[in-house]
Each structure stands twice: as structure tokens, then as C-alpha cells.
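Here's the structure, in C-alpha cells; my notes come after.
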Amino acid sequence: YEFVFDTIKRTYYDQISKFEIITSSQSVSLSDVGVAIIDTGVNTEHPALKSPSRTFVSDCFVPGPNGEPCPITTDDDVPHGTLVAGVIMSIDSKYKGMAPGIKRVYNAKSVSLTGTTFYTIYEGIIWAAKQADVLQMSLAVDTCTTVRQLNSTHSYTADNLFSFYDVVFVNSAGNSATCGVGFFADSYNLIIVGAVNDKNTLSKGDDVIWNRNSTIGSSIGPALDGRK
């Protein structure tokens with residue numbers, strides 16, 4: 001790989017006030033922002049995603065069912081990546097995404113029913129980081145069944161990648177509820193996103209962290225080193 005491990009920059013904030021927050025009264029142009037979905041592939045023909053003003057660039061990094069280098073299609077075979085893309089950029093009038101104005105989308109199929117390794121995930125990350133401005137990945141280790149490690153190899157690698165390529169990386173917190181966060185969610189140089197239960201109301205005052213029980217739900221901190 002092209003990045004150098006001993007030049008890592010690790011930064012984290014323990015108070016949200018230290019970030020420059022964009023409020024709803026401000027406008028942000030998304031026409032020049034490229035977003036990458038590193039996941040199970042994206043159905044680029046989905047009516048909620050397909051737009052004349054939107055360009056998809058796709059590549060595949062997972063092996064085929066018989067060990068061939070890659071399936072012919074970069075479409076979603078789960079489908080998980082398409083759901084994630086919809087949350088971000090759906091143009092559907094009823095179920096609109098958070099950023100429907102995104103014009104450049106990079107579809108890195110790094111996870112598949114036919115086979116997934118950390119190598120395929122890193123290949124997708126590097127491919128996307130060379131082109132996109134924001135990388136999104138909803139992959140996390142099950143911390144209820146896997147022993148968490150402080151500064152694990154994967155978290156350290158992720159920090160190096162995003163420091164080296166100078167991109168914004170967003171990853172899910174995971175679905176392990178109170179078992180805690182693991183890689184990649186315990187990395188320093190990532191923005192971690194959890195899930196909430198809005199109780200089917202418009203008010204944010206009654207929102208709570210989504211969880212089904214103590215082991216299934218949106219993973220919560222702190223990380224092993226105390227970061228929340």
C-alpha cells in the first residue's frame with residue numbers, strides 16, 4: 001500500500017462544540033462533492049437513486065462464487081449498500097435522503113455473499129479514497145462475540161488510510177448495543193454514526209438510542225481507551 005504507518009495523525013474531540021457545525025440556516029453546495037459507498041454494491045438503476053444529473057462510478061473487489069476475480073456486476077446482492085445509499089442521497093419525494101443533491105457517487109463493492117475479506121474492504125477503501133471526498137461504510141465487528149482490542153491493527157490501519165488520503169470517512173457504530181464499539185468505529189480519524197428510535201414523531205425531544213436488547217442495537221461507547 002501507498003501510505004506510511006509511522007506518519008499517522010490521530011485527532012479526536014471529546015466535545016461536539018469543538019466542531020464547526022453547519023446549521024439548517026446555512027446552505028451547502030453538493031455539486032462538487034463526491035461520495036463513496038463501500039458496501040455490498042449499489043443498484044444504480046433504483047428509481048430513488050438514478051438521476052440525469054448524477055454520475056455513478058463502480059468497481060468490484062470481491063471474489064466470485066467460484067473464486068474468479070470479481071462478479072460481472074457491481075449491483076447489490078444483499079441488498080445493503082443500496083439501502084445505505086438511499087439514506088444518504090435518495091431523491092424519492094416521500095423518502096428523501098439526507099443529501100439528495102449529491103452528483104458524484106463511487107460504488108465500491110467490497111462485501112458480497114460470495115466472499116469478503118479485510119483485503120477486499122481495504123481495496124475498496126483505497127480505490128474510493130483516490131477519487132471521492134467523503135467515504136461511507138456501514139461495517140463493524142460484533143463486539144458481543146469478539147474480544148475488543150485497544151488500538152487494534154484494523155483501527156490503526158484505518159487511521160493511517162484516512163490521514164494519508166485526507167478524506168472524510170463516516171462509519172457505523174455497529175449493532176452490538178451495550179457490548180461497546182470495536183473497529184472501525186473505535187478509530188480516531190472517523191465520524192461514527194449510530195441509530196436512533198424517533199418513536200415515529202417529528203419531535204427530536206423524545207428520540208432515544210435504538211436498541212432491541214443489551215446485545216442488539218446501536219453500539220455505544222466508550223471505546224476501550226475511554227473515548228465516548
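All values reported here derive from a predicted model rather than from experimental measurement.
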Quiz item: What is the minimum heavy-atom distance between Ala132 and Tyr106, and which atoms define it?
Solution: CB-CD1, 3.6 Å
Quiz prompt | By salt bridge (Lys or Arg N to Asp or Glu O under 4.0 Å) - contacts of Asp207 (at least two apart) | solution = none
Self-check item: Separation between CG of Leu83 and CG of Asn43, rounded to the nearest 0.5 Å
Solution: 12.0 Å
Quiz item: Donor-acceptor pair, Asp39 side chain versus Gly81 backbone, under 3.5 Å?
Solution: yes
Quiz item: In this structure, are over 12 heavy atoms from other groups packed under 6.0 Å from Ile209 atom CD1?
Solution: no
Quiz item: Can you name the closest pair of heavy atoms from Arg54 and Ala99 and give their distance?
Solution: NH2-O, 4.5 Å
Exercise. Using a 4.5 Å cut-off on heavy atoms from C-beta on, say whether the side chain of Leu139 contacts that of Ile121.
Key: yes
Practice problem: Taking the side chain as every heavy atom from C-beta outward, state whether Ile126 and Leu161 have any atom pair closer than 4.5 Å. | Solution: yes
Quiz item: With sequence neighbours left out, what residues match Asp77 under side-chain contact (heavy atoms from CB on, under 4.5 Å)?
Solution: Thr40, Lys109, Ser112, Leu113
Practice problem: Can you measure from OG1 (Thr117) to OH (Tyr122) and round to the nearest 0.5 angstrom? | Solution: 10.5 Å
Self-check item: In one Ile/Leu/Val/Met/Phe/Trp/Tyr side-chain cluster, 4.5 Å: Val87, Val196
Solution: no
Quiz item: Which atoms form the tightest heavy-atom contact between Asp32 and Arg104, and what is the distance?
Solution: O-NH2, 2.8 Å
Quiz item: When rounded to the nearest 0.5 angstrom, what distance separates OG in Ser90 from CD1 in Ile102?
Solution: 11.5 Å
Practice problem: Go through the steps to decide whether Thr120 and Val111 satisfy the test side-chain contact (heavy atoms from CB on, under 4.5 Å), and finish with yes or no. | Solution: CA-CA 7 Å; Thr120 65; Val111 181; 5.9 Å; no
Exercise. Would you kindly confirm whether Phe56 and Trp127 end up in one hydrophobic cluster when ILVMFWY residues are joined by side chain heavy atoms under 4.5 Å apart?
Key: no
Exercise. Report yes or no: do Val134 and Ile191 belong to one cluster of Ile/Leu/Val/Met/Phe/Trp/Tyr joined by side chain heavy-atom distances under 4.5 Å?
Key: yes
Self-check item: same_hphob_cluster(Leu49, Val33) at 4.5 Å side-chain heavy-atom cutoff
Solution: yes
Self-check item: Atom of Ser163, atom of Asn189 and distance for their closest heavy-atom approach
Solution: CB-ND2, 4.0 Å
Practice problem: Kindly compute the distance separating OG (Ser110) from CE (Met137), expressed to the nearest 0.5 Å. | Solution: 8.5 Å
Quiz item: Any side-chain heavy-atom pair from Ile88 and Ile37 closer than 4.5 angstrom?
Solution: yes
Exercise. Search all heavy atoms of Thr44 against all heavy atoms of Lys50 and return the closest pair with its distance.
Key: O-CB, 3.6 Å
Practice problem: Is it possible for you to say whether Leu190 and Phe164 belong to one hydrophobic cluster, with membership spreading through side-chain heavy-atom contacts below 4.5 Å? | Solution: yes
Self-check item: Taking every non-hydrogen atom, the tightest pair across Phe162 and Ile125
Solution: CE2-CG2, 3.7 Å
Self-check item: Nearest-0.5 Å distance, CZ of residue Phe169 to CD1 of residue Ile38
Solution: 4.5 Å
Quiz item: Do you see a donor-acceptor pair shorter than 3.5 Å between the side chains of Ser203 and Thr201?
Solution: no
Quiz prompt | Non-neighbouring partners of Ser93 that pass side-chain contact (heavy atoms from CB on, under 4.5 Å), sequence neighbours left out | solution = none
Self-check item: Rounded distance (nearest 0.5 Å) linking atom NE2 of His46 with atom CG of Asp75
Solution: 11.5 Å
Quiz item: For Leu135, which of Val168, Val35, Val167 qualifies under side chain to side chain contact (heavy atoms under 4.5 Å, CB included)?
Solution: Val167
Exercise. Run through Ser187, Ser219, Ser172, Ser176 and flag the one making a side chain to side chain contact (heavy atoms under 4.5 Å, CB included) with Val181.
Key: Ser219
